[in-house]
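Take a look at the structure set out below.
Please read all numbers here as calculations on a predicted model, not as lab measurements. A, B, ... follow the sequence lines: proteins, then strands. Residue 1 opens every chain.
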Amino acid sequence: MNHEEKILSELNKTQQDAVSKIDGPLMVIAGAGSGKTRVLTYRIAYMLTKGINPFNILALTFTNKAANEMKERIKNLVGDASAKAVNMGTFHSVFYKILRVEGEKLGYTRNLTVYDTDDAKGVIKNIVKEMNLDPKVYLPNFILQRISAAKSSLLSAEEYARSPEIIETDARIGKPHIAEIFLRYNARLRQSDAMDFDDLLYYMNVLLRDFPEMLYKYQNRFRYILVDEYQDTNFAQYLIVKKLAAAHHNICVVGDDAQSIYAFRGANIQNILNFKKDFPSAETVKLEQNYRSTQNIVNAANAVIKHNKKQIHKEVWTDNDEGKKINVIRSSSDSEEAQSIAFSIFETKQNEHVNNKDFAILYRTNSQSRALEEALMKMQIPYKIFGGLSFYKRKEIKNILAYFRLAINNYDEEALLRVINYPQRGIGATTVDKLKVTSSQNNVRIWDYVQNPDNLDLGAATKAKLKDFALRIKSFSTMIPTTDAYELGKHIAISSGVIQDMKADIAEKDRLDNVEGLIDSMKEFVEKEPETEFNEETGELITEYFPSLDRFMSNVALLTDEENKDDESQDRVKLMTIHASKGLEFDYVYITGLEENLFPSSMSLGSSAEIEEERRLFYVAVTRARKHLTLTCAQTRYKFGSLQFCEPSRFMEEIPYKYMNVTEKASAGRKLEKKSPLSFSSERDKTFVKKVAKPAYQKVTPQEVNLKQFGNPAEVGEIVPDIRVYHSKFGYGQVLGTDGAGPDKRAVIKFDTVGEKTLLLAYAKLIIPK
DNA sequence: ATGGAGACCTTTTTT
DNA sequence: AGGTCTCCAT
């Protein structure tokens, strides 16, 4: 059997169709758990064994996680080299790479910075302020949504300002200056050599629209296009894909309309519904066999999604066992809900000899994670929160990254404003305001004034401080080409005073650890085998390059989450929002907070379209489970610090009772007599409320708890050859030897799972196991 | 210029 | 409850 046949032999008939039809347009409607990722990865592997150049394949995903996972799986099928060479990533990251190279045609440079949502909001806040508008009327969030919606539908700021309908709408809602803000916002970003998330898609469209040679180049480069989660693409994404595929027509889109959960940010289900119109010769393959879940789960999910009117017809079915009934636990309060989940996990682990990592707890909003964390801590169950306050969104990380950004791109104004007085160097709000005002009046970049403040109305001491700051940043900038990312990162962290500032405050310990963690990751970046890159002109493979700070930053810019490659080696319960769980699967799943106004969210009660999106979200949640599903809800919950009464979610009642098993929990764990599964008399509700008691627990940070189970933090002096240590990222290992002294002392450690690493002890946080 | 006290708002979901 | 913003005292 040759390689090709082997690939096909591991698939069912419909999957084979989806994999082997590589020429011409194809739409794959993939039901939940039907092996969608398998089809995508096997399809790419199949193409590679057929001799297609990986350079000509473009695979677009929605999240970094999905891209990494697919890359990993293709590697296992066809080997490292060709897997690496496939152009694979999120829409945003792939187009960012292209725009860094081609952006000069659009007036940007290679140092192009990406502004995240916080940066964008900062810009808007400044503009609202300098226009003397009421910040309560012109809320940054709202403005940004308007701008984002416009850009996602490829409407420029000028077109926005010219459109009578839009102007009328904005006037009607009492915000007539949005158009002006939009114009200034774009100008400000351009001046900062920066793009926001939506710009990456918008300008990619401009590039393909206004530069025929670019269209030609990328059409020929990306001869085979695959798009994952097609139901979640917005207009800008849709049009890029359509344009790129227009020459060769080798486009395969994979999606499931039932799992479209991003309409709120502009995703358009019509894209998948209209695929046949755009590509009349398109074939459609429907994957309907679910390999993931038990019959109970599949049946329940089907019953739920039936309540939606708009959908592509499909019958998802499974050959798997009937499985256990879906558990429903109703608790009196949010903290009790969390406790009963923790207890259920504990019990299941005992009875079925399974691991922590086989469990996932899903919730609608990030704020629900707190109660769950507390309960898990109390029961000593290790856990990991995915998403939420992601690593790269933490203040200390953003601060240090702002230094890096500013060193790379001196015009990055948001980065400049973030660090101009951090750590404090006597450049206070008054000075900064003066800089902002003068800069916007004279249309001069703030950076230029910081470098040369002589003509400004400022005291001599202040001017000296500004110059000093500029010189320092400049000195970082000049080091970029010659100093690797790790060395320069370390240098900036220290000589900017950031490290010292955090060391001064013992309460900043965790933050310091995070910054040191970032610098550790820079060391890894410098040491690891370089990513394969292409020379844009020749298509030639480049594997050797200098691991400079700007390269590091271009890799990090669009990461929204910590790398979690070693997830599976960490035995922890997983906590995440349902949105973040899309595409993943777990043996045991808990869906929490099934209450009206929470899930479905109170924000979505306005229209049936929004309720349907919430229902699809619930469908996604249910179909994450392989073996067993538990639904939980509480009768009271703290919201904004005050106690709220909650009704069970309508979604629970959409699951036929025959698939469920209902448990009611009072605070003492006492079982209550039950009548109908989900209705409670108001009187009983009151008795529940009385019993709500705050558990007495000691407030400890997750880090502390997680460390405690492994041992005590090691002093640098304790690290000697032969001892066993634990590292939060690499796990257990043995010290082979040490080298250097003082802050430069290093240890070579052989880790059980990841092999030998050299760590700088001042940065590595090692633990001596109990 | 800085820091602390108090008012105020928040919660969808993410690249 | 927790974070951010505003105002006032130092």
Between B:dT13 and A:N366, is there an OP1 or OP2 to side-chain N/O distance shorter than 4.0 Å? yes
Not counting sequence neighbours, which residues clear side chain to side chain contact (heavy atoms under 4.5 Å, CB included) with A:K436? List them please. A:N126, A:L417, A:V432, A:D433, A:I446
Hey, does the side chain of A:S367 come within less than 4.0 Å of B:dT10's phosphate (OP1/OP2), counting only N and O? no
Side-chain heavy atoms of A:T438 within contact of A:Y449, under 4.5 Å: yes
Look at the aromatic rings of A:F618 and A:F599 and report parallel, tilted or perpendicular, splitting at 30° and 60°. perpendicular
Rounded to whole Å, how long is the line connecting atom CZ of A:F142 with atom P of B:dT11? 15 Å
Extract from the structure each pairing of a protein N or O with an N or O of nucleotides 5-10 of chain C at less than 3.5 Å, listing the distance.
from	atom 1	to	atom 2	distance (Å)
C:dC5	OP1	A:K125	NZ	2.8

Quick one: is A:T90 getting a side-chain N or O under 4.0 Å of the B:dT15 phosphate, OP1 or OP2? no
Short side-chain donor-acceptor distance under 3.5 Å, A:E336 and A:S333: no
Would you call A:F640 stacked on B:dT11, i.e. ring centres under 5.5 Å apart with the planes less than 30° off parallel? no
Presence of A:Q237 side-chain N/O under 4.0 Å of B:dT15 phosphate oxygens OP1/OP2: no
How about A:F197 and A:Y115: are their ring centres within less than 6.0 Å of each other? no
With nearest nucleotides of DNA chain B determined for A:T430 and A:F91 from heavy-atom distances, which residue corresponds to the more 5′ nucleotide? A:T430
Quote, to the nearest angstrom, the C1' distance that separates B:dT11 from C:dT6. 23 Å
From the list C:dG2, B:dT13, B:dT10, which nucleotide is the closest neighbour of the side chain of A:R370? C:dG2
Quick one: is A:N421 getting a side-chain N or O under 4.0 Å of the B:dT2 phosphate, OP1 or OP2? yes
Round to the nearest Å and state the distance from A:Y363 atom OH to B:dT11 atom C1'. 14 Å
Has A:K175 got its NZ or CZ under 6.0 Å from the middle of the six-membered ring of A:F142, at an angle within 45 degrees of the ring axis? yes
Atom pair distance, as rounded to whole Å: CG in A:D196 and P in B:dT15: 15 Å
Strictly by modelled atom types, are A:R146 and A:Y160 linked by a side-chain donor-acceptor pair under 3.5 Å? yes
Between B:dT14 atom C1' and A:I578 atom CD1, what is the distance in whole Å? 14 Å
